[in-house]
Participant: 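Got a structure for you, written out below as structure tokens; questions coming shortly.
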Amino acid sequence: MRTQKLVVATVWMAAACFGAEPRLAVVIYDYAGTPGAILKAAAETARETFRRAGVETDWSVCPVPDEHCALPPAGTIDVKVLPPELQSRLHSREALGYAMMCPGCVTSYAFYGPVKALAGTRRSVSAALAFVMVHEVGHLLGMGHSPDGIMKPLLTWRDIQDAEMGRMRFTEGEAKLRAAAAEREMTLLAAVH
């Protein structure tokens, strides 16, 4: 939890000091062998969703076990796309994703098998993956579940359709919660120093 607070506070404090929009660095580690075009499209959809909420993000993709990824500096948020055999170690097979803070890490998981199954043959896998990634990163930023919008607990094919059409958005309540969480994190960091 402390790591998450420091990452969020640092991003928001730097933005306040330099008059820029908040900027987050997110690295997608692909352990599932996801096609590159799907990862690229999902990252772009996620970036646009955060941009509409007033947060600039930089998304990098790192195919694992490739050791030659051009990664941003420390303080990034990790999104690990896992295959079914790794998913069961973390969460139930029905889950689409999971977010957690641990000592020295800010990590979320997207479970490729269930995401792909939900998309089926009629919906875009990249849009479904983007929705899950944005939702889980939202948790890492201190957001809880809400009745609707990106932070609702259950993703449906209609949500994927909205993402495909560029209508995936944080609700006003979610955006306010995100801003309040960032302000709280900045206050906590200032109290530590």
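In this chain, numbering begins with 1 at the start of the sequence shown. Note that the structure is predicted; figures quoted are calculated from it, not measured.
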Participant: From D30 CG over to C62 SG, what is the distance, rounded to the nearest 0.5 angstrom?
Facilitator: 9.0 Å
Participant: Indicate yes or no: at least one non-hydrogen side-chain atom of V79 is less than 4.5 angstrom from one of V27.
Facilitator: no
Participant: Side chains of H139 and M151, heavy atoms from C-beta outward: is any pair under 4.5 Å?
Facilitator: yes
Participant: Is the distance from the ring center of Y31 to that of Y112 below 6.0 Å?
Facilitator: no
Participant: How long is the span from the OG1 atom in T49 to the CD1 atom in I150, to the nearest 0.5 Å?
Facilitator: 5.0 Å
Participant: Going by heavy atoms in the side chains, are I38 and L129 under 4.5 Å from each other?
Facilitator: yes
Participant: Test: salt bridge (Lys or Arg N to Asp or Glu O under 4.0 Å). Region: residues 138-151. Which pairs qualify, not counting sequence neighbours?
Facilitator: none
Participant: Can you name the residues that form a side chain to side chain contact (heavy atoms under 4.5 Å, CB included) with A41, not counting sequence neighbours?
Facilitator: S126
Participant: Are E136 and K80 close enough that some pair of their side-chain heavy atoms sits under 4.5 Å apart?
Facilitator: no
Participant: For V132 and A110, work out which heavy atoms get closest and say how close.
Facilitator: CG1-CB, 3.9 Å
Participant: Less than 4.5 Å apart, side chain to side chain, heavy atoms only: is that true for F50 and L141?
Facilitator: yes
Participant: Between A46 and A130, what is the shortest heavy-atom contact and its length?
Facilitator: N-CB, 4.1 Å
Participant: Considering only heavy atoms from C-beta outward, does the side chain of I28 approach that of V81 to under 4.5 Å?
Facilitator: yes
Participant: Which value, rounded to the nearest 0.5 Å, describes the distance between F170 atom CZ and S146 atom OG?
Facilitator: 9.5 Å
Participant: Test side chain to side chain contact (heavy atoms under 4.5 Å, CB included) on L118 and L96; report intermediate values, then the result.
Facilitator: CA-CA 9 Å; L118 178 63; L96 297 174; 3.9 Å; yes
Participant: Which heavy atom of A99 sits nearest to which heavy atom of L140, and what is that distance?
Facilitator: CB-CD2, 3.9 Å
Participant: Could you tell me the separation between the OG1 atom of T45 and the NZ atom of K40, rounded to the nearest 0.5 Å?
Facilitator: 12.0 Å
Participant: Salt bridge (Lys or Arg N to Asp or Glu O under 4.0 Å): which pairs involve residues 156-168, sequence neighbours left out?
Facilitator: R123-E164, K152-D159, D162-R167
Participant: Got a sec, which residues hit side chain to side chain contact (heavy atoms under 4.5 Å, CB included) with R47, two or more places apart in sequence or on another chain?
Facilitator: E44, R51, T57, W59
Participant: Which residues pass the side chain to side chain contact (heavy atoms under 4.5 Å, CB included) test with A163, not counting sequence neighbours?
Facilitator: A127, M168
